[in-house]
Amino acid sequence: MFRYIYDGSFDGFLCVVYDCYYNKIPDNIESIDKYNIDMLYEDMNIVTDVIKSRKVHYAIIEKISKDSLILIYQAFLSEAIGMEFKLYKYIQLGFKLGSKIDNYLTDEVVNEVQKYSRKVGLEAHRFLGLVRFQEFNGILYAAIEPTHNILELLGNHFKARLTNEKWIIHDITRKTGILYEDNEWILQDLKFEKLESHEEEELFYQNLWKVFHKSVSIKEKTNEKLQMQHMPKKYWNNLIEMK
């Protein structure tokens with residue numbers, strides 16, 4: 001059996017798709033961070049080439065649709081086991097069917113890709129209202145622990161909201177983060193643990209937020225089931241008002 005190994009980036013994955021068409025179709029595709037030696041596979045490492053990835057990028061838009069490219073990208077960010085190979089099969093089918101592919105919901109691959117894309121999109125949307133910033137010497141910092149790798153889906157939203165600030169959103173599970181300054185944000189490895197502010201003014205405003213949250217909460221009207229739908233308990237660790 002044959003397997004492609006790539007660097008874990010979306011550009012790297014698109015380069016794998018390129019090689020699937022011009023070299024050899026694999027039995028599996030794995031990122032280097034999930035790679036384990038398996039004697040059943042003959043492995044080939046794929047070097048990320050922006051020219052190749054751009055060709056596949058535009059081929060998906062032209063032969064399938066721009067919406068399908070977004071769907072593929074969001075499903076890729078799910079980091080679900082085996083997703084890369086499913087995405088390759090989806091792209092392969094899409095090149096045959098064109099934009100009609102997303103009507104083929106009875107197809108297992110199409111169904112799985114759409115399902116995980118929705119999960120990623122929903123989680124990213126939730127986090128637009130769940131990110132809580134603390135201030136460290138003039139820099140706003142927020143820690144998050146999303147299920148999926150959604151950081152890049154948050155960048156432009158907070159860029160528009162916090163244009164004149166310096167800020168960091170830190171995915172402490174994946175040890176990566178968005179760093180923003182002067183109208184630009186970049187994705188960066190952040191190997192440190194979650195930061196907690198001990199500045200007097202920041203703690204004062206945190207306590208005010210907690211008091212406000214409690215004051216507007218009417219016990220008799222509390223709907224815990226609805227609250228859990230919009231603010232699942234797995235996210236509470238980084239919500240100031242829930243501490």
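Side-chain atoms are counted along with the backbone in the values below, which use heavy atoms only and exclude waters and symmetry mates.
Checked by atom type, the side-chain pair E152/Y73 shows a donor-acceptor distance below 3.5 Å.
With a 4.5 Å cut-off on side-chain heavy atoms, S68 and I101 count as touching. Side-chain contact between Y104 and N111: absent, with no pair of heavy atoms (C-beta onward) separated by less than 4.5 Å. Counting heavy atoms from C-beta outward, Q74 and K119 have side chains that stay 4.5 Å or more apart.
No more than 12 heavy-atom neighbours from other residues, nucleotides or ligands sit within 6.0 angstrom of NE2 on H125. Residue F192 qualifies as enclosed at atom CZ: its count of foreign heavy atoms under 6.0 Å is above 12. Within 6.0 Å of the NZ atom in K66, the count of heavy atoms belonging to other residues, nucleotides or ligands does not exceed 12. Remark: L105 CG is packed, more than 12 non-hydrogen atoms of other residues, nucleotides or ligands lying under 6.0 Å away. Counting non-hydrogen atoms of neighbouring residues, nucleotides and ligands closer than 6.0 angstrom, the NZ atom of K34 exceeds 12 such neighbours. Heavy atoms from other residues, nucleotides or ligands lying under 6.0 Å from CD1 of I81 number 12 at most. In this structure, K55 places its NZ atom where only 12 or fewer heavy-atom neighbours from other residues, nucleotides or ligands lie under 6.0 Å away.
Summarising the geometry of K175 relative to H170, their closest heavy-atom pair is CA-NE2, 4.4 Å, with the distance given to 0.1 Å.
The cationic group of K24 lies under 6.0 Å from the six-membered ring centre of F2 and within 45° of the ring axis, placing it in a cation-pi geometry.
Using bins of under 30°, 30° to 60° and over 60° for the plane-to-plane angle, the ring pair Y21/F95 lands in the tilted bin.
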Step by step, work out the side chain to side chain contact (heavy atoms under 4.5 Å, CB included) result for V120 and I150. CA-CA 7 Å; V120 170; I150 63 169; 4.0 Å; yes
Between F76 and F13, is the ring-ring contact (aromatic ring centres under 6.0 Å, His included) condition met? List the steps. CA-CA 9 Å; F76 174 82; F13 167 69; 5.7 Å; yes
